[in-house]
*Asks:* 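Submitted below is the structure of interest, expressed as structure tokens.
In what follows, chains are A, B, ... by sequence order, proteins preceding strands, each numbered from 1.
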Number of protein chains: 2
Amino acid sequence: GSLSTIEKSPPKPRREQTVLTIDTMNPTVKKVEYAVRGPIVQRAMELEKELSEGMKKPFAEVIKANIGDAHAMGQQPITFFRQVLALCSYPELLNDSTFPEDAKSRARRILQSCGGNSMGSYSASQGIDSVRHDVARYIKRRDDGVPCDPDNIYLTTGASDGIVTMLKLLVCGEGATRTGIMISIPQYPLYSAALAELGAVQINYYLNEQKCWSLDISELQRSLDEARQHCNPRALCIINPGNPTGQVQSRQCIEDVIRFAAKERLFLMADEVYQDNVYAEGCQFHSFKKVLFEMGPEYSNTVELVSFHSTSKCYMGECGFRGGYMEIINLDSEVKAQLTKLVSVRLCPPVPGQALMDLVVNPPQPGEPSHEKFIKERTTTLCALAEKAKLTEQVLNTVQGISCNPVQGAMYSFPCITIPEKAIKEATDNGQKPDMFYCMKLLEETGICLVPGSGFGQRDGTYHFRMTILPPKDKLKILLTKVKEFHQKFTQQYS
Amino acid sequence: GSLSTIEKSPPKPRREQTVLTIDTMNPTVKKVEYAVRGPIVQRAMELEKELSEGMKKPFAEVIKANIGDAHAMGQQPITFFRQVLALCSYPELLNDSTFPEDAKSRARRILQSCGGNSMGSYSASQGIDSVRHDVARYIKRRDDGVPCDPDNIYLTTGASDGIVTMLKLLVCGEGATRTGIMISIPQYPLYSAALAELGAVQINYYLNEQKCWSLDISELQRSLDEARQHCNPRALCIINPGNPTGQVQSRQCIEDVIRFAAKERLFLMADEVYQDNVYAEGCQFHSFKKVLFEMGPEYSNTVELVSFHSTSKCYMGECGFRGGYMEIINLDSEVKAQLTKLVSVRLCPPVPGQALMDLVVNPPQPGEPSHEKFIKERTTTLCALAEKAKLTEQVLNTVQGISCNPVQGAMYSFPCITIPEKAIKEATDNGQKPDMFYCMKLLEETGICLVPGSGFGQRDGTYHFRMTILPPKDKLKILLTKVKEFHQKFTQQYS
Ligand SMILES: Cc1ncc(COP(=O)(O)O)c(C=O)c1O
Ligand SMILES: Cc1ncc(COP(=O)(O)O)c(C=O)c1O
């Protein structure tokens, strides 16, 4: 009978005895997606391994253009920055006569603001005092004299940390009053990932691909009005210069966005990690802070703003150090106290990253021994990036079925690609997104690693990929040629 | 009439126009507390500033014994570690003949595993491959040959990061099925802070102060049984050696805890950041991993365990670099994939911290040029800590009204203090916890900065403070004498 069957049943499968399974884990974590390090990248790493083990492939090397990681692509660090970091790491070197005096004096100053004169001490949770002061001076200089209070500066573990922390403060409510956060589509997927984890509502506004990925206020309004039907929109995130889209927003656009935020009572989050990466003629970086203050006290005394910066991008590209800062404007003082408390739980951002951030905001000055070399290195890097931005746009636009906006800034091109119906069908039959199918094929056939547009978001029925402009020029040329050839072949194959 | 009143009412107060206020911010963040950097520490910083501005105080300097920050207290870094970090920061130094060859070869090896041979590249999100392999070899050596899979190693931004990440995976459910996490009382307040932020239920089990802060299984059972009435207990956290309590758990105790976790189906989280900080005779560090595997496959194949380590403690005390790792045992493979995805959102832990972790698990070997110096430096530091542990216990136990367990390990003493009824009344009348009142008075009168026991949790009606044993010996002696005098005076004053 059924009873004896039950008695004789084999021991419970292991799965049921496990505390933590996919069914019993935090459901918000499961919703997180992060394409920049997704399946394409994992496959690229496998391919690299297979190549190194001598396996035969239709290509000799994997070229990674999936992530904004400049040094990994061969960009050289700024000598002065690394000298100071070495001096701070091993202060015995302060007696070494081969180090320039300005590097030594910077190192001494940083060490003096560390507990026990060591980078091995925890710093204040908000960041080292003198570094926050240097950041404030940098911002004031950058913004043509708009004042900056060091008390409003928080050093972070990369910009990522600051972004997640600020979003965390903003999220509350349930159901129709749940916090909604407006993000651009296409977006940098840290945003969607953080919102998923926090259980906030992601509110999409679309950048205008036809107008060089610019931002239309009417689209902001549409997106906000729709969102108000089902959640409580509280913040508006802008990435400028843009990732993955490479646009640089105009001063006018920024002013309009600020006016919109003021009118609709939205907290502004300005991701300005690419502030030194502007290449296109006629384009210029305008910080939200500066524009806000130029709009007068009606705005500068009321609009809540946070701006993020990082050591990872610009001309330095020091991603591994995880340095960054955020500046908060008009943050309620009680909330600020809560923010300070919250960051204290993690003790402090990495001190070498803080030191590096200090050097970025306080580089060698005219007259100092390292100034000339610093300028030369910075210029070389930024010129090379500008050249590669141009090259990428030009070559991609020669391909029938690929159309690409100018890379005005940042480090990425996000071209629109035409995928034939047959390919779309084959992909969907395989349960794959068509641009993932495309990028995976590209990788297997050419060794080129890009990220499908679906990882960043795109208008339904359009397809894109994101590629960085970071590979050295010769490799970038090979890459572009291969993409061109692949696209032609792919189009033919599926027509 | 009432209409005209409304029309004439002054403009809304600014508060109502602010998006983010204390009333509209994330309520879980508000619940977070973190005593190690709380009001006492803020006041200590103010006092330091006042002293430096020439204000007269009943003391000449502030002595901070509030946080386990060794370098800030004057402990010197390990020369070899810093040499390698300098070499990795500024590889030009590889041509410098004054650096020892073993430091250079370590630096070369680390750089070879960095993208573009630069610490400025993002690493794999799980951590640099070769570092994870070195960690695995270290664990196997430490655990007398118990195997360790590098795939189970995740490098982290300090142990804090790993702890929060693992807790995050575990939390789910609502109301009576909400995840509960068992933590020791007293505890390191990162745990309570993280649980508050995640909205998990904190389940307290009390360490046995009478038995040297040991852990009784009967108390675990009591605490678990009570918690099962109102939440879903899923994990058990143990700190060994203990913070703030300084105990080192016996092998027998660890075995009992593992058996308990297996029986009750709890995920084990072992915080072992003080694994090299064991001073008391007869005490020894036993890792949960090793004991688990010695208990045989019935346990080692089923019990889910994560163990945390850090560069911040032990003999190196390199807090500022934010290095750490965790090892996961028997984590469900689908959950592991989710973990890998989750950590990829933050890109990677700081690379200098990873490099430092590599050096900790792979220090100079016998026969290598730096070996002798390394051993000497490590021994000096650990012997000094052992001596200060002894001294602290001895002096505090000479004070009537203070009673203190031996500091068997870690870096803290957590003595029980008798606070007179009158003082308790005065404190409560002021809305202050009695031990906060005590510590604040101690600070104002002597310049000594300790943390009240209430920041870590204690049995109702008992009072404690936590002090680190990190100040240099001469300062520690002054500190202990001042605490003794203060306690006598305080007791007299309120009797
Ligand atoms: C727009 C944007 N914001 C933030 C980040 C995070 O950078 P990090 O955390 O390295 O500072 C990135 C990295 O690519 C980015 O592109
Ligand atoms: C028990 C315990 N766990 C974890 C940590 C976190 O250390 P870190 O994040 O610096 O590695 C500390 C720091 O004091 C600690 O005492």
Side-chain angles (χ1 to χ4, degrees), chain A residues 17-22 25-27 29-30 32 34 37 69 71-74 77 82-83 85-86 89-90 93 115-116 118-123 125 157 160 168-172 190 193 234 265 267 302 304 317-322 332 334-335 338 341-342 344-347 350-353, chain B residues 17-22 25-27 29-30 32 34 37 69 71-72 74 77 82-83 85-86 89-90 93 115-116 118-123 125 157 160 168-172 190 193 234 265-267 302 304 317-322 332 334-335 338 341-342 344-347 350-353:
Chain A
Q17 294 176 14
T18 307
V19 177
L20 187 59
T21 67
I22 195 82
M25 69 175 280
N26 188 334
V29 171
K30 273 192 273 186
V32 169
Y34 193 70
R37 301 211 155 185
D69 190 357
H71 291 201
M73 291 289 100
R82 294 309 196 88
Q83 286 173 332
L85 286 169
S89 300
Y90 187 51
L93 290 171
S118 168
M119 286 209 297
S121 300
Y122 291 123
S123 76
S125 302
T157 306
S160 308
K168 195 179 280 175
L169 290 180
L170 279 157
V171 174
C172 65
L190 167 65
R234 304 189 70 200
R265 300 239 244 111
F267 196 108
T302 59
E304 296 152 80
E318 294 276 14
C319 309
F321 282 82
R322 315 306 295 119
D332 175 271
E334 286 173 304
V335 177
Q338 293 286 327
K341 179 194 71 179
L342 183 63
S344 78
V345 176
R346 298 289 190 101
L347 298 164
V351 174
Chain B
Q17 293 174 17
T18 307
V19 177
L20 188 58
T21 68
I22 195 84
M25 67 174 282
N26 188 334
V29 171
K30 273 192 273 185
V32 169
Y34 192 71
R37 300 210 156 186
D69 190 357
H71 290 201
R82 295 309 196 89
Q83 286 174 330
L85 287 169
S89 300
Y90 187 50
L93 290 171
S118 169
M119 286 210 297
S121 300
Y122 291 123
S123 75
S125 301
T157 306
S160 307
K168 195 179 279 172
L169 290 180
L170 278 157
V171 173
C172 66
L190 166 66
R234 302 188 73 199
R265 299 239 246 113
L266 294 168
F267 196 109
T302 60
E304 295 152 82
E318 295 275 14
C319 308
F321 282 81
R322 314 307 294 121
D332 176 89
E334 285 173 304
V335 177
Q338 293 285 328
K341 178 193 71 180
L342 183 63
S344 78
V345 176
R346 298 289 189 101
L347 297 165
V351 174

*Asks:* So which atom in A:S89 and which in B:A86 form the shortest heavy-atom distance, rounded to 0.1 Å?
*Replies:* CB-N, 4.0 Å
*Asks:* Please examine the side chains of A:V19 and B:L266, heavy atoms only from C-beta on, and report whether any two atoms are closer than 4.5 Å.
*Replies:* no
*Asks:* Starting at CD of B:E318, measure out to OG of A:S121 and round the result to the nearest 0.5 Å.
*Replies:* 8.5 Å
*Asks:* Return the option, out of B:L93, B:L169, B:L85, with the maximum number of heavy-atom pairs under 4.5 Å with chain A.
*Replies:* B:L169
*Asks:* What heavy-atom pair brings A:I22 and B:D332 nearest, and what distance separates the two atoms?
*Replies:* N-OD2, 4.2 Å
*Asks:* Would you say the side-chain atoms of B:K341 pair up with the backbone N or O of A:V32, donor to acceptor, closer than 3.5 Å?
*Replies:* yes
*Asks:* Backbone N or O of B:R346 within a donor-acceptor pair of the A:R322 side chain at under 3.5 Å?
*Replies:* yes
*Asks:* Only pairs of heavy atoms separated by less than 4.5 Å count here; which of B:P352, B:A193, B:G317 has the most with chain A?
*Replies:* B:P352
*Asks:* Grab the two heavy atoms, one from A:Q17 and one from B:R265, that are nearest each other, plus how far apart they are.
*Replies:* O-CD, 3.3 Å
*Asks:* Working to the nearest 0.5 Å, report the span between CE of A:M119 and CZ of B:R82.
*Replies:* 6.0 Å
*Asks:* Evaluate A:L347 against B:C319 for side-chain contact (heavy atoms from CB on, under 4.5 Å), listing each step before the verdict.
*Replies:* CA-CA 9 Å; A:L347 298 164; B:C319 308; over 6 Å; no
*Asks:* Using a cut-off of under 4.5 Å on heavy-atom pairs, state which of A:G353, A:S160, A:C172, A:A72 scores highest against chain B.
*Replies:* A:A72
*Asks:* May I ask you to decide if A:L20's main-chain N or O and B:E304's side chain share a donor-acceptor pair within less than 3.5 Å?
*Replies:* yes
*Asks:* Mind ranking B:V351, B:L342, B:N26 by heavy-atom pairs under 4.5 Å with chain A and telling me who comes out on top?
*Replies:* B:N26
*Asks:* If we only count heavy atoms from C-beta on, is the B:T18 to A:V335 side-chain gap below 4.5 Å?
*Replies:* no
